[in-house]
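Start at 1 and go down the list; that is how both ligands and their atoms are numbered.
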Amino acid sequence: MKKYYTTIGLEIHAELKTATKMFCSCKNNPDEEKPNVNICPVCMAHPGTLPVANKKAIENVIKVGLAIDANIADFSEFDRKNYFYPDIPKGYQISQYKYPIVSGGKLAGLDITRIHLEEDTATSKHLSAQAGDKGDYSLVDYNRAGVPLMELVTEAHTFENPEDAAKAASVFAKEYQLLLWYLGVSEANMEKGEMRVEANVSISPDKDKKWNAYVEVKNLNSFKSVEKAIKYEVERMIELFEEGKESEIVKETRGWDETKQKTISQRKKESSQDYRYFPDPDLPKMKLHEAFGGPNFEEMKKNLPETPAQKRARYKNDYGIKDEDIEVYINDIELGKFFENVAKELSENKDIIKIASNYITSDFIGLKKNNSEAKLPSPFNFAELATLIFENKISSRAGKDILAMIVVNNESPLKIATEKDLLQKNDTGALTEIAQKIIDANEKVVADYKAGKEAALMSLVGQMMKETKGSANPQVAKQLLIDLLK
Ligand code: ZN
Ligand code: MN
């Protein structure tokens with residue numbers, strides 16, 4: 001079989017989290033369950049109504065652009081994208097064509113072409129006929145019609161194999177979702193359709209000849225399905241290529257069917273001419289730099305929340321913890337805050353912080369999986385626990401046991417260790433006595449050790465641990481025995 005290169009480009013729509021819709025003052029509430037309540041003459045396209053652009057939504061798009069080091073247009077405008085469908089009451093969607101708000105920029109290894117702002121459509125429900133009904137029918141809910149929708153388009157990127165392409169796509173989508181969360185501009189929940197990923201996929205046996213006919217894959221409502229759909233689509237195309245049916249690979253839209261685990265042709269793709277884009281005469285042209293504080297957006301930049309990339313770098317630099325731990329905190333913002341508070345209690349002592357982080361990302365998360373009652377203790381108590389472990393005052397076994405208690409009662413680990421007699425006996429005075437007792441009682445083992453059997457020593461250490469109910473520090477115990485047996 002020939003080698004095929006995979007080229008992908010992504011288009012991601014994200015609903016913006018604003019109080020009101022894009023061009024009217026209707027509530028933007030994605031959780032509204034009652035259909036057709038957040039509607040008005042503007043978003044229902046009644047004659048004589050005029051749209052007014054939502055400044056907050058424009059600001060949110062600029063924020064995303066600033067966060068990815070993109071170009072923010074000085075001049076921008078809205079265009080009409082004309083087509084008919086029941087979910088678009090005006091007969092056109094207000095979108096942006098020639099002058100997107102954002103162009104350029106980079107995220108998670110992919111170059112970004114543009115980010116523009118438009119309005120969402122209504123949601124349609126296609127239902128099958130039930131007893132007594134005349135036939136199959138559709139219902140349209142206009143609550144979503146006119147909700148601000150941000151569309152990002154990446155450049156086309158070519159990969160050596162479909163796996164790399166699929167991985168790059170899902171990594172990008174994940175990072176973009178995180179960025180939108182961190183900036184507070186979108187909930188970006190894929191299952192709820194607040195973030196919708198589409199992948200343009202094409203293959204070529206020739207690395208430089210690409211993008212001849214690409215397929216746009218839709219209905220990707222998880223990062224997993226992004227990966228699976230791209231891989232599936234590439235395989236489908238390769239098969240056609242190999243069978244000499246290259247001409248059957250056409251520019252079309254295909255939907256990912258999660259239950260069948262395959263893509264299904266939906267429609268042959270329109271080209272942009274078909275939409276007859278033209279500037280919307282109802283909306284004023286925008287001078288963005290002027291409207292949002294000068295050519296460099298200094299004020300906005302200064303107030304921009306920390307991005308996931310910045311947080312990764314800060315965690316690595318300030319705490320020196322493992323990359324896996326950092327990713328846990330990047331994805332679980334609350335847990336990240338807790339970790340930072342624990343680190344503060346430990347006055348930036350990196351050795352103890354690493355232990356604390358270990359106990360948070362493995363033990364605490366593990367406990368939480370098995371016990372829904374488990375809650376984060378106070379950062380102070382968690383820091384105390386990490387310190388006891390670091391200073392060898394308790395064994396790691398005791399550390400885990402105490403953690404299981406403090407996630408329920410948030411008590412002081414030192415207090416628990418004292419009460420339950422879990423403090424390791426490091427003081428050689430008391431331990432010497434016990435060690436001597438063990439030596440006296442185990443003549444045979446001692447003889448073995450003196451004859452060169454290393455394992456005999458560990459048997460003695462084991463007996464000391466037993467005698468002290470595990471509270472002896474094994475290192476100290478071992479050293480004591482060695483000294484006594486010299
Ligand atoms: Zn409205
Ligand atoms: Mn769009």
Are Asp274 and Lys81 within salt-bridge range, i.e. N to O under 4.0 Å?
->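 Salt bridge absent between Asp274 and Lys81.
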Salt-bridged, Glu227 to Lys167, with N to O below 4.0 Å?
-> yes
Is the backbone N or O of Glu15 less than 3.5 Å from a side-chain atom of Ser186, with the two atoms forming a donor-acceptor pair by type?
-> yes
Identity of the N, O or S atom of Glu118 lying closest to the Mn ion (ligand 2) |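 This turns out to be OE2.
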Starting from the Mn ion (ligand 2), look over the N/O/S atoms of Glu151 and name the nearest one.
->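 Within Glu151, restricted to N, O or S, the Mn ion (ligand 2) is closest to atom OE1.
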Near the Mn ion (ligand 2), is there an N/O/S atom from His13 that is less than 2.8 Å away?
-> yes
How wide is the angle at the Zn ion (ligand 1) between SG of Cys24 and SG of Cys40, to the nearest 10°?
->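 An angle of 110° at the metal.
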Validate the cation-pi geometry between Lys98 and Phe75: distance from NZ or CZ to the six-membered ring centre under 6.0 Å, angle to the ring axis within 45°.
-> no
